[in-house]
There are 2 protein chains.
Amino acid sequence: MAGPPRTTYRHGALREALVDAGVELARTGGPQAVVLREATRRVGVSANAAYRHFSDHRALLRAVGVVAMAQLAACMEQEQSRTPPRGAAAAARARLRGVGAGYLRFAREQPGLFLTAFAVNAEVADDPAARGDSGLSPLELLTTALDGLVDAGLLPPQRRPDAEMVAWSAVHGLSMLLIDGPLASLSDEHADALGSTLLDHVEAGLLRAP
Amino acid sequence: MAGPPRTTYRHGALREALVDAGVELARTGGPQAVVLREATRRVGVSANAAYRHFSDHRALLRAVGVVAMAQLAACMEQEQSRTPPRGAAAAARARLRGVGAGYLRFAREQPGLFLTAFAVNAEVADDPAARGDSGLSPLELLTTALDGLVDAGLLPPQRRPDAEMVAWSAVHGLSMLLIDGPLASLSDEHADALGSTLLDHVEAGLLRAP
DNA sequence: CGTCAGATGTTCACAGTGTCCACAACGGCT
DNA sequence: AGCCGTTGTGGACACTGTGAACATCTGACG
(Lines give C-alpha, C1' and ligand atoms only; values in the text may rest on other atoms or scores of the structure.)
Protein backbone atom coordinates (compact mmCIF):
# COMPACT_ATOMS: atom_id res chain seq x y z
CA MET A 1 0.00 0.00 0.00
CA ALA A 2 2.85 2.35 0.66
CA GLY A 3 4.03 4.22 -2.39
CA PRO A 4 7.21 3.28 -4.16
CA PRO A 5 10.22 3.70 -1.91
CA ARG A 6 11.72 7.12 -2.31
CA THR A 7 15.00 7.17 -4.06
CA THR A 8 15.80 10.66 -2.86
CA TYR A 9 15.97 9.76 0.78
CA ARG A 10 19.42 9.11 2.12
CA HIS A 11 21.01 10.35 -1.02
CA GLY A 12 24.34 9.68 0.56
CA ALA A 13 26.30 12.44 -1.08
CA LEU A 14 23.80 15.23 -1.41
CA ARG A 15 26.26 17.85 -0.35
CA GLU A 16 28.79 16.84 -2.96
CA ALA A 17 26.06 16.55 -5.59
CA LEU A 18 24.83 20.04 -4.81
CA VAL A 19 28.33 21.44 -4.95
CA ASP A 20 28.89 19.69 -8.27
CA ALA A 21 25.69 21.16 -9.65
CA GLY A 22 26.70 24.55 -8.30
CA VAL A 23 30.11 24.26 -9.92
CA GLU A 24 28.48 23.49 -13.24
CA LEU A 25 26.21 26.50 -12.86
CA ALA A 26 29.13 28.71 -11.96
CA ARG A 27 31.19 27.36 -14.83
CA THR A 28 28.62 28.33 -17.42
CA GLY A 29 27.12 31.42 -15.83
CA GLY A 30 29.40 32.81 -13.16
CA PRO A 31 28.54 33.40 -9.52
CA GLN A 32 25.18 34.97 -10.39
CA ALA A 33 24.08 31.69 -11.93
CA VAL A 34 24.63 29.51 -8.91
CA VAL A 35 21.12 29.58 -7.54
CA LEU A 36 20.17 27.23 -4.77
CA ARG A 37 16.86 26.07 -6.17
CA GLU A 38 18.32 25.27 -9.55
CA ALA A 39 21.07 23.21 -7.95
CA THR A 40 18.53 21.17 -5.97
CA ARG A 41 16.41 20.80 -9.09
CA ARG A 42 19.33 19.36 -11.02
CA VAL A 43 20.07 16.92 -8.28
CA GLY A 44 16.39 15.97 -8.21
CA VAL A 45 15.72 16.97 -4.67
CA SER A 46 13.44 19.47 -2.99
CA ALA A 47 14.73 23.00 -2.52
CA ASN A 48 14.88 22.88 1.25
CA ALA A 49 16.94 19.73 1.26
CA ALA A 50 19.91 21.97 0.64
CA TYR A 51 19.43 23.51 4.06
CA ARG A 52 20.46 20.26 5.71
CA HIS A 53 23.92 20.74 4.25
CA PHE A 54 24.26 24.49 3.81
CA SER A 55 23.13 27.10 6.28
CA ASP A 56 22.66 29.55 3.52
CA HIS A 57 22.64 30.20 -0.17
CA ARG A 58 25.92 31.95 0.47
CA ALA A 59 27.32 28.83 2.10
CA LEU A 60 26.67 26.90 -1.09
CA LEU A 61 28.29 29.65 -3.12
CA ARG A 62 31.24 29.54 -0.78
CA ALA A 63 31.60 25.80 -1.23
CA VAL A 64 31.55 26.27 -4.99
CA GLY A 65 34.13 29.01 -4.58
CA VAL A 66 36.39 26.66 -2.66
CA VAL A 67 36.26 24.15 -5.51
CA ALA A 68 36.98 26.88 -8.01
CA MET A 69 39.94 28.09 -5.95
CA ALA A 70 41.29 24.56 -5.79
CA GLN A 71 40.99 24.24 -9.55
CA LEU A 72 42.85 27.50 -9.91
CA ALA A 73 45.65 26.15 -7.78
CA ALA A 74 45.69 22.95 -9.84
CA CYS A 75 45.89 24.97 -13.02
CA MET A 76 48.88 26.87 -11.67
CA GLU A 77 50.63 23.67 -10.64
CA GLN A 78 49.95 22.13 -14.03
CA GLU A 79 51.48 25.14 -15.73
CA GLN A 80 54.49 24.96 -13.44
CA SER A 81 55.16 21.34 -14.35
CA ARG A 82 54.81 22.09 -18.05
CA THR A 83 58.40 22.86 -18.96
CA PRO A 84 60.90 21.08 -16.77
CA PRO A 85 63.57 23.63 -15.94
CA ARG A 86 67.29 23.08 -16.06
CA GLY A 87 69.39 24.82 -13.49
CA ALA A 88 68.27 26.13 -10.11
CA ALA A 89 67.93 29.76 -11.13
CA ALA A 90 65.98 28.95 -14.28
CA ALA A 91 63.79 26.60 -12.28
CA ALA A 92 62.96 29.31 -9.78
CA ARG A 93 62.04 31.72 -12.55
CA ALA A 94 59.97 29.08 -14.28
CA ARG A 95 58.02 28.44 -11.11
CA LEU A 96 57.03 32.09 -10.84
CA ARG A 97 56.19 32.15 -14.50
CA GLY A 98 54.01 29.09 -14.06
CA VAL A 99 52.12 30.74 -11.24
CA GLY A 100 51.27 33.71 -13.40
CA ALA A 101 50.60 31.76 -16.58
CA GLY A 102 48.33 29.30 -14.80
CA TYR A 103 46.42 32.12 -13.20
CA LEU A 104 45.84 33.84 -16.51
CA ARG A 105 44.98 30.63 -18.29
CA PHE A 106 42.39 29.65 -15.70
CA ALA A 107 40.82 33.08 -15.87
CA ARG A 108 40.53 32.84 -19.64
CA GLU A 109 39.39 29.25 -19.84
CA GLN A 110 37.04 29.19 -16.87
CA PRO A 111 35.89 32.76 -16.34
CA GLY A 112 32.75 31.67 -14.52
CA LEU A 113 34.68 29.65 -11.97
CA PHE A 114 37.35 32.29 -11.69
CA LEU A 115 34.82 34.99 -10.88
CA THR A 116 33.07 32.69 -8.45
CA ALA A 117 36.29 31.97 -6.61
CA PHE A 118 36.84 35.68 -6.09
CA ALA A 119 33.23 36.59 -5.47
CA VAL A 120 33.65 34.98 -2.08
CA ASN A 121 37.39 35.32 -1.90
CA ALA A 122 37.68 36.62 1.63
CA GLU A 123 35.65 33.73 3.04
CA VAL A 124 37.38 31.10 0.96
CA ALA A 125 41.01 32.08 0.93
CA ASP A 126 42.06 30.04 3.92
CA ASP A 127 39.76 27.08 3.51
CA PRO A 128 41.79 23.91 3.79
CA ALA A 129 40.05 22.53 0.70
CA ALA A 130 40.99 25.46 -1.51
CA ARG A 131 44.26 23.89 -2.47
CA GLY A 132 45.83 22.08 -5.37
CA ASP A 133 47.53 18.71 -5.48
CA SER A 134 50.59 20.03 -3.72
CA GLY A 135 48.47 21.14 -0.78
CA LEU A 136 49.20 24.79 -1.40
CA SER A 137 46.68 27.54 -2.01
CA PRO A 138 47.17 29.88 -4.97
CA LEU A 139 48.61 32.53 -2.70
CA GLU A 140 50.96 30.02 -1.10
CA LEU A 141 52.12 28.87 -4.50
CA LEU A 142 53.01 32.45 -5.32
CA THR A 143 54.71 33.02 -2.00
CA THR A 144 56.72 29.84 -2.41
CA ALA A 145 57.79 30.83 -5.89
CA LEU A 146 58.95 34.23 -4.69
CA ASP A 147 60.84 32.73 -1.77
CA GLY A 148 62.52 30.46 -4.28
CA LEU A 149 63.63 33.48 -6.25
CA VAL A 150 65.19 35.00 -3.16
CA ASP A 151 66.96 31.73 -2.40
CA ALA A 152 68.27 31.63 -5.94
CA GLY A 153 69.63 35.12 -5.53
CA LEU A 154 67.41 36.53 -8.25
CA LEU A 155 65.13 38.63 -6.08
CA PRO A 156 66.84 41.15 -3.79
CA PRO A 157 65.62 40.56 -0.24
CA GLN A 158 64.73 44.21 0.27
CA ARG A 159 62.25 43.92 -2.56
CA ARG A 160 60.74 40.75 -1.17
CA PRO A 161 58.18 42.32 1.20
CA ASP A 162 54.79 42.74 -0.45
CA ALA A 163 56.16 41.27 -3.65
CA GLU A 164 53.31 38.75 -3.75
CA MET A 165 50.78 41.52 -3.65
CA VAL A 166 52.41 43.39 -6.50
CA ALA A 167 52.65 40.27 -8.63
CA TRP A 168 49.20 39.08 -7.73
CA SER A 169 47.68 42.45 -8.43
CA ALA A 170 49.09 42.45 -11.91
CA VAL A 171 47.78 39.06 -12.98
CA HIS A 172 44.51 39.47 -11.13
CA GLY A 173 43.85 42.82 -12.71
CA LEU A 174 44.64 41.58 -16.18
CA SER A 175 42.38 38.61 -15.62
CA MET A 176 39.49 40.85 -14.68
CA LEU A 177 40.04 43.17 -17.61
CA LEU A 178 40.16 40.18 -19.94
CA ILE A 179 37.03 38.59 -18.57
CA ASP A 180 34.59 41.43 -18.72
CA GLY A 181 36.61 44.56 -18.89
CA PRO A 182 37.68 46.55 -21.92
CA LEU A 183 39.87 43.66 -23.04
CA ALA A 184 37.06 41.14 -23.22
CA SER A 185 36.97 41.21 -26.99
CA LEU A 186 40.64 40.48 -27.48
CA SER A 187 41.60 37.48 -29.58
CA ASP A 188 43.22 34.57 -27.81
CA GLU A 189 46.49 35.29 -29.51
CA HIS A 190 46.56 38.91 -28.46
CA ALA A 191 45.45 38.00 -24.97
CA ASP A 192 48.26 35.47 -24.68
CA ALA A 193 50.76 37.98 -25.96
CA LEU A 194 49.50 40.57 -23.53
CA GLY A 195 49.73 38.09 -20.70
CA SER A 196 53.28 37.32 -21.66
CA THR A 197 54.15 40.99 -21.81
CA LEU A 198 52.61 41.55 -18.41
CA LEU A 199 54.57 38.70 -16.86
CA ASP A 200 57.72 40.16 -18.41
CA HIS A 201 56.95 43.46 -16.79
CA VAL A 202 56.37 41.84 -13.43
CA GLU A 203 59.65 39.99 -13.62
CA ALA A 204 61.44 43.11 -14.75
CA GLY A 205 60.03 45.01 -11.82
CA LEU A 206 61.02 42.36 -9.31
CA LEU A 207 64.19 40.65 -10.37
CA ARG A 208 67.64 41.97 -9.80
CA ALA A 209 68.99 43.81 -12.78
CA PRO A 210 71.51 41.45 -14.37
CA MET B 1 -14.71 65.21 -5.66
CA ALA B 2 -11.74 63.83 -7.44
CA GLY B 3 -8.97 62.64 -5.13
CA PRO B 4 -6.07 64.92 -4.34
CA PRO B 5 -4.00 65.59 -7.45
CA ARG B 6 -1.21 63.12 -7.71
CA THR B 7 2.18 64.50 -7.09
CA THR B 8 3.92 61.55 -8.64
CA TYR B 9 2.62 62.15 -12.12
CA ARG B 10 4.87 64.07 -14.44
CA HIS B 11 7.71 63.78 -12.00
CA GLY B 12 9.90 65.59 -14.47
CA ALA B 13 13.19 64.00 -13.58
CA LEU B 14 12.27 60.47 -12.64
CA ARG B 15 15.13 58.98 -14.54
CA GLU B 16 17.69 61.11 -12.74
CA ALA B 17 15.98 60.48 -9.42
CA LEU B 18 16.09 56.72 -9.99
CA VAL B 19 19.75 56.84 -10.97
CA ASP B 20 20.50 58.90 -7.87
CA ALA B 21 18.71 56.38 -5.69
CA GLY B 22 20.57 53.59 -7.48
CA VAL B 23 23.88 55.32 -6.90
CA GLU B 24 23.12 55.61 -3.22
CA LEU B 25 22.24 51.93 -3.08
CA ALA B 26 25.41 51.00 -4.93
CA ARG B 27 27.49 53.25 -2.71
CA THR B 28 26.40 51.52 0.45
CA GLY B 29 25.88 47.99 -0.81
CA GLY B 30 27.63 47.45 -4.09
CA PRO B 31 26.07 46.28 -7.34
CA GLN B 32 24.04 43.59 -5.59
CA ALA B 33 22.22 46.25 -3.62
CA VAL B 34 20.95 48.27 -6.53
CA VAL B 35 17.53 46.71 -6.80
CA LEU B 36 14.94 48.27 -9.02
CA ARG B 37 12.02 48.10 -6.64
CA GLU B 38 13.95 49.68 -3.81
CA ALA B 39 15.02 52.55 -6.03
CA THR B 40 11.42 53.27 -7.05
CA ARG B 41 10.35 52.97 -3.43
CA ARG B 42 12.87 55.58 -2.38
CA VAL B 43 11.72 57.93 -5.07
CA GLY B 44 8.14 57.33 -3.98
CA VAL B 45 6.91 55.88 -7.21
CA SER B 46 5.46 52.56 -8.26
CA ALA B 47 7.84 49.82 -9.29
CA ASN B 48 6.74 49.78 -12.91
CA ALA B 49 7.34 53.47 -13.37
CA ALA B 50 11.01 52.62 -13.81
CA TYR B 51 10.17 50.77 -17.00
CA ARG B 52 9.26 54.04 -18.69
CA HIS B 53 12.89 55.07 -18.38
CA PHE B 54 14.83 51.82 -18.29
CA SER B 55 14.18 48.82 -20.45
CA ASP B 56 15.57 46.58 -17.82
CA HIS B 57 16.91 46.21 -14.35
CA ARG B 58 20.26 45.89 -16.06
CA ALA B 59 19.75 49.20 -17.82
CA LEU B 60 19.37 50.91 -14.46
CA LEU B 61 22.47 49.18 -13.18
CA ARG B 62 24.32 50.30 -16.27
CA ALA B 63 23.25 53.90 -15.72
CA VAL B 64 24.51 53.69 -12.15
CA GLY B 65 27.73 52.19 -13.45
CA VAL B 66 28.19 55.12 -15.80
CA VAL B 67 27.89 57.55 -12.91
CA ALA B 68 30.35 55.51 -10.89
CA MET B 69 32.81 55.45 -13.78
CA ALA B 70 32.51 59.20 -14.13
CA GLN B 71 33.21 59.63 -10.43
CA LEU B 72 36.26 57.41 -10.81
CA ALA B 73 37.53 59.65 -13.59
CA ALA B 74 36.86 62.72 -11.44
CA CYS B 75 38.78 61.15 -8.58
CA MET B 76 41.74 60.55 -10.84
CA GLU B 77 41.67 64.11 -12.15
CA GLN B 78 41.44 65.46 -8.63
CA GLU B 79 44.47 63.45 -7.62
CA GLN B 80 46.35 64.67 -10.66
CA SER B 81 45.72 68.31 -9.78
CA ARG B 82 46.79 67.73 -6.19
CA THR B 83 50.46 68.57 -6.38
CA PRO B 84 51.30 71.07 -9.06
CA PRO B 85 54.39 69.76 -10.79
CA ARG B 86 57.43 71.77 -11.74
CA GLY B 87 59.23 70.84 -14.90
CA ALA B 88 57.83 68.94 -17.86
CA ALA B 89 59.28 65.55 -17.01
CA ALA B 90 58.17 65.72 -13.39
CA ALA B 91 54.75 66.85 -14.53
CA ALA B 92 54.40 63.87 -16.84
CA ARG B 93 55.39 61.50 -14.08
CA ALA B 94 53.01 63.17 -11.68
CA ARG B 95 50.14 62.75 -14.11
CA LEU B 96 50.70 59.02 -14.30
CA ARG B 97 51.03 58.85 -10.56
CA GLY B 98 47.79 60.74 -10.18
CA VAL B 99 45.99 58.29 -12.41
CA GLY B 100 47.07 55.37 -10.28
CA ALA B 101 46.63 57.09 -6.94
CA GLY B 102 43.15 58.32 -7.84
CA TYR B 103 42.17 54.85 -8.97
CA LEU B 104 43.32 53.29 -5.75
CA ARG B 105 41.78 56.02 -3.62
CA PHE B 106 38.39 55.67 -5.27
CA ALA B 107 38.45 51.92 -4.86
CA ARG B 108 39.21 52.29 -1.15
CA GLU B 109 36.83 55.14 -0.42
CA GLN B 110 33.91 54.04 -2.57
CA PRO B 111 34.18 50.29 -2.94
CA GLY B 112 30.49 49.90 -3.71
CA LEU B 113 30.61 52.34 -6.59
CA PHE B 114 33.92 50.96 -7.78
CA LEU B 115 32.56 47.45 -7.96
CA THR B 116 29.40 48.67 -9.65
CA ALA B 117 31.39 50.49 -12.31
CA PHE B 118 33.20 47.28 -13.17
CA ALA B 119 30.24 44.97 -12.75
CA VAL B 120 28.98 46.35 -16.03
CA ASN B 121 32.31 47.56 -17.31
CA ALA B 122 32.06 46.25 -20.85
CA GLU B 123 28.74 47.96 -21.43
CA VAL B 124 29.76 51.20 -19.80
CA ALA B 125 33.34 51.78 -20.88
CA ASP B 126 32.57 53.86 -23.93
CA ASP B 127 29.50 55.66 -22.70
CA PRO B 128 29.89 59.36 -23.37
CA ALA B 129 28.72 60.14 -19.84
CA ALA B 130 31.38 57.96 -18.17
CA ARG B 131 33.87 60.79 -18.10
CA GLY B 132 35.33 63.27 -15.68
CA ASP B 133 35.48 67.03 -15.87
CA SER B 134 38.15 66.94 -18.53
CA GLY B 135 35.92 64.87 -20.78
CA LEU B 136 38.21 61.88 -20.61
CA SER B 137 37.30 58.39 -19.48
CA PRO B 138 39.52 56.64 -16.93
CA LEU B 139 41.21 54.66 -19.67
CA GLU B 140 41.76 57.79 -21.74
CA LEU B 141 43.28 59.53 -18.74
CA LEU B 142 45.75 56.69 -18.43
CA THR B 143 46.52 56.63 -22.13
CA THR B 144 47.07 60.37 -22.12
CA ALA B 145 49.41 60.13 -19.16
CA LEU B 146 51.45 57.42 -20.83
CA ASP B 147 51.64 59.36 -24.09
CA GLY B 148 52.89 62.28 -22.03
CA LEU B 149 55.66 60.10 -20.65
CA VAL B 150 56.74 59.13 -24.14
CA ASP B 151 56.73 62.76 -25.20
CA ALA B 152 58.82 63.64 -22.18
CA GLY B 153 61.34 60.99 -23.16
CA LEU B 154 60.75 58.98 -20.00
CA LEU B 155 59.00 56.00 -21.54
CA PRO B 156 60.85 54.24 -24.35
CA PRO B 157 58.54 54.04 -27.37
CA GLN B 158 59.10 50.32 -27.81
CA ARG B 159 57.66 49.79 -24.35
CA ARG B 160 54.64 51.96 -25.06
CA PRO B 161 52.37 49.34 -26.69
CA ASP B 162 50.06 47.70 -24.17
CA ALA B 163 51.56 49.80 -21.41
CA GLU B 164 48.09 50.97 -20.35
CA MET B 165 46.99 47.42 -19.88
CA VAL B 166 49.99 46.55 -17.75
CA ALA B 167 49.56 49.64 -15.61
CA TRP B 168 45.82 49.28 -15.39
CA SER B 169 46.06 45.63 -14.49
CA ALA B 170 48.29 46.43 -11.57
CA VAL B 171 46.08 49.05 -9.97
CA HIS B 172 42.88 47.24 -10.81
CA GLY B 173 44.12 44.03 -9.32
CA LEU B 174 45.31 45.69 -6.15
CA SER B 175 41.97 47.46 -5.85
CA MET B 176 40.10 44.19 -6.05
CA LEU B 177 42.37 42.49 -3.55
CA LEU B 178 41.94 45.43 -1.18
CA ILE B 179 38.17 45.55 -1.48
CA ASP B 180 37.24 41.98 -0.80
CA GLY B 181 40.30 39.95 -1.41
CA PRO B 182 42.90 38.74 1.04
CA LEU B 183 43.99 42.33 1.65
CA ALA B 184 40.58 43.53 2.80
CA SER B 185 41.62 43.67 6.42
CA LEU B 186 44.66 45.85 5.87
CA SER B 187 44.87 49.11 7.79
CA ASP B 188 44.61 52.30 5.78
CA GLU B 189 48.24 53.06 6.43
CA HIS B 190 49.43 49.71 5.20
CA ALA B 191 47.11 49.87 2.23
CA ASP B 192 48.44 53.28 1.29
CA ALA B 193 52.00 52.08 1.64
CA LEU B 194 51.25 49.05 -0.47
CA GLY B 195 49.61 51.22 -3.09
CA SER B 196 52.67 53.41 -3.15
CA THR B 197 54.96 50.42 -3.49
CA LEU B 198 52.85 49.08 -6.32
CA LEU B 199 52.96 52.37 -8.20
CA ASP B 200 56.72 52.41 -7.70
CA HIS B 201 56.94 48.97 -9.25
CA VAL B 202 54.81 50.01 -12.18
CA GLU B 203 56.95 53.04 -12.82
CA ALA B 204 60.10 50.99 -12.43
CA GLY B 205 58.82 48.51 -14.96
CA LEU B 206 57.88 51.16 -17.48
CA LEU B 207 60.25 54.06 -17.27
CA ARG B 208 63.62 54.23 -18.87
CA ALA B 209 66.41 53.29 -16.52
CA PRO B 210 68.06 56.56 -15.55
C1' DC C 1 14.50 -8.19 17.56
C1' DG C 2 11.62 -4.08 18.63
C1' DT C 3 11.78 0.73 19.59
C1' DC C 4 13.16 5.30 19.66
C1' DA C 5 15.98 9.47 18.54
C1' DG C 6 18.33 11.90 15.24
C1' DA C 7 19.38 12.77 10.59
C1' DT C 8 17.66 13.77 6.13
C1' DG C 9 14.22 15.04 2.81
C1' DT C 10 9.29 16.86 1.78
C1' DT C 11 5.42 20.06 1.78
C1' DC C 12 3.38 24.31 2.76
C1' DA C 13 3.99 29.04 3.29
C1' DC C 14 5.71 33.82 2.99
C1' DA C 15 8.18 37.87 1.62
C1' DG C 16 10.80 39.95 -1.94
C1' DT C 17 12.26 40.56 -6.84
C1' DG C 18 12.00 41.42 -12.02
C1' DT C 19 8.68 41.92 -15.43
C1' DC C 20 4.19 41.88 -18.28
C1' DC C 21 -0.43 43.75 -19.30
C1' DA C 22 -4.38 46.57 -19.00
C1' DC C 23 -5.83 50.90 -17.34
C1' DA C 24 -5.71 55.93 -15.76
C1' DA C 25 -4.22 60.57 -15.61
C1' DC C 26 -1.96 64.30 -17.49
C1' DG C 27 -0.53 67.73 -21.08
C1' DG C 28 0.41 69.43 -25.45
C1' DC C 29 -1.44 69.16 -30.17
C1' DT C 30 -4.90 70.42 -33.65
C1' DA D 1 -12.85 71.40 -26.93
C1' DG D 2 -11.17 67.03 -28.05
C1' DC D 3 -7.74 63.64 -28.98
C1' DC D 4 -3.52 61.05 -28.40
C1' DG D 5 1.02 59.97 -26.85
C1' DT D 6 3.66 60.00 -22.59
C1' DT D 7 4.10 58.72 -17.96
C1' DG D 8 2.65 56.53 -13.88
C1' DT D 9 -0.62 52.87 -11.39
C1' DG D 10 -2.51 48.30 -10.05
C1' DG D 11 -2.74 43.69 -10.38
C1' DA D 12 -0.66 39.46 -11.67
C1' DC D 13 2.88 35.90 -12.53
C1' DA D 14 7.06 33.26 -12.11
C1' DC D 15 10.96 32.90 -9.66
C1' DT D 16 14.08 33.23 -5.62
C1' DG D 17 15.70 32.48 -0.64
C1' DT D 18 14.12 30.87 3.60
C1' DG D 19 11.31 29.31 7.85
C1' DA D 20 8.19 25.81 10.17
C1' DA D 21 5.94 21.65 10.53
C1' DC D 22 5.74 17.00 8.96
C1' DA D 23 7.39 12.42 7.08
C1' DT D 24 10.54 8.85 6.55
C1' DC D 25 14.58 6.42 6.96
C1' DT D 26 18.63 4.43 9.77
C1' DG D 27 21.55 3.30 13.39
C1' DA D 28 22.03 2.56 18.33
C1' DC D 29 20.32 0.72 22.43
C1' DG D 30 17.26 -1.88 25.36
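Side chains included, hydrogens not; waters and symmetry mates left out as well; all remaining heavy atoms used. Convention: sequence-line order gives letters A, B, ...; per-chain numbering from 1.
- Scanning atom types as modelled, one donor and one acceptor separated by under 3.5 angstrom connect the side chain of B/N48 and the base of D/dG11.
- When the P atom of D/dG17 is taken as reference, atom CD of A/E38 falls 10 Å away, rounded to whole Å.
- Checked against D/dT16, D/dT9, C/dC20, the side chain of B/A49 finds its nearest nucleotide in D/dT9.
- Salt bridge status for A/E123 with A/R58: present, with a side-chain N to carboxylate O gap under 4.0 Å.
- Between the side chain of A/R37 and the base of D/dG17, at least one donor-acceptor pair of N or O atoms lies under 3.5 Å.
- At a non-hydrogen distance threshold of 4.0 Å, B/R52, B/H53 from residues 50-60 of chain B come into contact with DNA chain D.
- Taking atom CG of residue A/L36 and atom C1' of nucleotide D/dC15, one finds them 13 Å apart after rounding to whole Å.
- Rounded to a whole Å, the CZ atom of B/R42 is 15 Å from the P atom of C/dG16.
- At a non-hydrogen distance threshold of 4.0 Å, nothing from residues 18-29 of chain A comes into contact with DNA chain D.
- Side-chain rings of B/H57 and B/Y51 stay apart, their centers remaining 6.0 Å or farther from each other.
- Atom pair B/Q32:CD and D/dG17:P shows a separation of 11 Å (rounding to whole Å applied).
- The side chain of B/V45 sits closest to D/dG8 out of C/dT17, D/dG8, D/dT18.
- For the pair B/L61 CG and C/dG18 P, the computed distance is 11 Å after rounding to whole Å.
- Here the closest non-hydrogen pair linking B/M176 and B/F114 is SD-CE2, 4.1 Å.
- Side-chain atoms of A/L14 lie closest to C/dG9 of the nucleotides C/dG9, D/dG17, C/dT17.
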side-chain hydrogen bond (donor to acceptor under 3.5 Å, both in side chains) evaluation trace for A/R97 with A/S196: CA-CA 9 Å; A/R97 195 83 183 188; A/S196 214; 3.2 Å; yes

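- Here A/R15 does not reach the OP1 or OP2 of C/dA7: none of its side-chain N or O atoms lies under 4.0 Å away.
- Counting non-hydrogen atoms of neighbouring residues, nucleotides and ligands closer than 6.0 angstrom, the CD atom of B/Q32 reaches no more than 12 such neighbours.
- Here the side chains of B/L113 and B/M69 are not in contact, with every heavy-atom distance at 4.5 Å or above.
- Each end of the helix from C/dC1-D/dG30 to C/dT30-D/dA1 gets its own axis from five base pairs, and the two axes differ in direction by 20°, given to 10 degrees.
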